[in-house]
Amino acid sequence: MATQTLSILDNRTGKKYELPIADGTIKAMDLRQIKVADDDFGLMTYDPAFMNTASCKSKITFIDGDKGILRYRGYPIEQLAEKSTFLEVAYLLLYGELPTKAQYDEWAENITMHTLIHENIKKLMDAFHYDAHPMGMLISTIGALSTFYTDAKDIHNPESRKKQTYRLIAKMPTIAAFAYRHSVGRPYVYPDNNLSYTANFMSMLWKMTELQFQASPVLVKALDVLFILHADHEQNCSASAMRGIGSSHVDPYSAMAGAAAALYGPLHGGANEEVLRMLDIVGTKEKVPAFIKDVKEGKGKLMGFGHRVYKNYDPRAKVIKTLADEVFEVTGRNPKLDIALELERIALEDEYFVKRKLYPNVDFYSGLIYQAMGFPVEMFPVLFSIPPTVGWIAQWEEMLLDGEQKIARPRQVFLGSGSRDYVVMSKRK
Ligand code: CMC
């Protein structure tokens, strides 16, 4: 017996129902028993955009949006950003605990040994038009991986899942870097397994004719921290896409192509690209008040502001703001930072934003760092796609192993036409 229940009195029938409350939720299926007649389908909930519906139980990531808290497997994001590395965080998210030295070494070795991609994948990427958006290339290539690793269909086999996990985490930077090199017309650089995960990515992006690429340790660390911050964010649009598509039991590459596509949109991972475009439109610090006025009049959004869950400062944005100073010491200050700071200052004092609890999110400052590092804006969503590979896989596997999950299939409220007879074309008005 549940210790807490919700009593519902149906005024239509006078019947009373007791619905158990567990973990702060009632089961939507328990509402189905509320009927006016035996042939009545039963009561449903209507929740467009899942504003108040938990679609799963999870042990991976915790967010308290009102307090601005983000934890991976219980560890505060600030501590992980300061003390951990991306590969260690990846292990934590996937397996639930921080690795011992032996576990970490084996894990890092397995990722490093899967960084190469098949030569035919390289040829496939070559086929894209010279000005193809690198995110379109990334999404297509992730999907194409399923044709190279047909063993990935064996999703109920833990060994197979482990293998695909290594492959996906290892190959994402290679594919991302190849997409970038293709877009700038440079030869692809193969992975250098003597480098760390992030340093190797930078080498594949920027190595020219030197024997080994020497990345700035400050920038390597900064990119690693950015990867930590983006590794998982519980049931966001792309993770939900991964779970939803994966619930059909398709292979993880196909599911992940869908997750990456969800991330591409300007309301999700494409937002940092939009922030930079917005800063260009604003142009100067002096024009910020006029821009804010336009936003308040509904003429556009303040990109990089607002969040479905955070109604406080996004904890990741706080870390990134500090990181920006360290990066700018090496790269030189991004002049757009002043416009961004002024936008933030004015917005945080303005009643429109205060009333709606709109604060800077993770994308507000990340683009400025990416741009200072030398990335074109088209690469921003690609960069944002590498770390959540870990979260997507963790969410996918948790979904597969959850006995309560089934194929995702929402209901609808049908408001269209009732039954009517077909009319031949000559008689239509
Ligand atoms: N600028 C101006 N007004 C805004 C903004 C914004 N960035 N975001 C929300 N609002 C307003 C919105 O118009 C609405 O006003 P009203 O109540 O008068 O209709 C109110 O605030 C509530 O917004 P909402 O659209 O109902 O909130 P949501 O939870 O559906 O949307 C969001 C969340 C992130 C899509 C939205 O805040 C947004 O579009 N922000 C800009 C895009 C962005 O930065 N996205 C990155 C999100 S963080 C990275 C990630 O995880 O993907």
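Atoms within a ligand are numbered from 1 in the order they appear, just like the ligands themselves.
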Legend entry - Any side-chain heavy-atom pair of S7 and Y17 under 4.5 Å: no
Inset, instruction - Pick out which of N272, T331, N334 makes a side chain to side chain donor-acceptor pair (under 3.5 Å) with Q371. - result: N334
Legend entry - For Q164, the option from W396, Y149, Y253 that meets side chain to side chain donor-acceptor pair (under 3.5 Å): Y253
Legend entry - Any protein heavy atom < 4.0 Å from atom 3 (N) of ligand 1: yes
Inset, instruction - Give a yes/no on ligand 1: does V295 have at least one heavy atom closer than 4.0 angstrom to it? - result: yes
Inset, instruction - Check whether any heavy atom of Y352 sits under 4.0 Å from an atom of ligand 1. - result: yes
Legend entry - Test of ring centre spacing under 6.0 Å for H133 and Y264: yes
Give the residue and atom name of whichever protein heavy atom lies nearest to [atom], and the separation in Å to one decimal.
atom	value
atom 34 (C) of ligand 1	G306 O, 3.6 Å
atom 42 (C) of ligand 1	M303 CE, 3.5 Å
atom 1 (N) of ligand 1	L302 N, 3.0 Å
atom 20 (C) of ligand 1	R356 CD, 3.7 Å
atom 41 (C) of ligand 1	F305 O, 3.4 Å
atom 5 (C) of ligand 1	L358 CD1, 3.9 Å
atom 47 (C) of ligand 1	N361 ND2, 3.6 Å

Legend entry - E274 and ligand 1 - part of the residue with a heavy-atom distance under 4.0 Å: neither
Taking N or O atoms only and a 3.5 Å limit, does [X] qualify as a polar contact for ligand 1?
X	answer
R316	no
G304	yes
K301	yes

Which residue from [options] reaches closest to [atom] through any of its heavy atoms?
atom	options	answer
atom 52 (O) of ligand 1	M51, R308, H268, K355	H268
atom 46 (C) of ligand 1	N236, V309, D363	D363
atom 45 (N) of ligand 1	D314, L267, I292	L267

Legend entry - Worked verdict on E344 versus K321 for salt bridge (Lys or Arg N to Asp or Glu O under 4.0 Å): CA-CA 12 Å; E344 179 186 328; K321 211 172 159 185; 3.3 Å; yes
Legend entry - Residue among W107, Y72, Y197 satisfying ring-ring contact (aromatic ring centres under 6.0 Å, His included) with F86: Y197
Inset, instruction - Test P266 against every option in R277, E274, E273, K301 by the side-chain contact (heavy atoms from CB on, under 4.5 Å) rule and name the one that passes. - result: E274
Legend entry - Donor-acceptor contact present, side-chain T198 to main-chain K221, <3.5 Å: no
Legend entry - K299 and D294 ion-paired at < 4.0 Å: yes
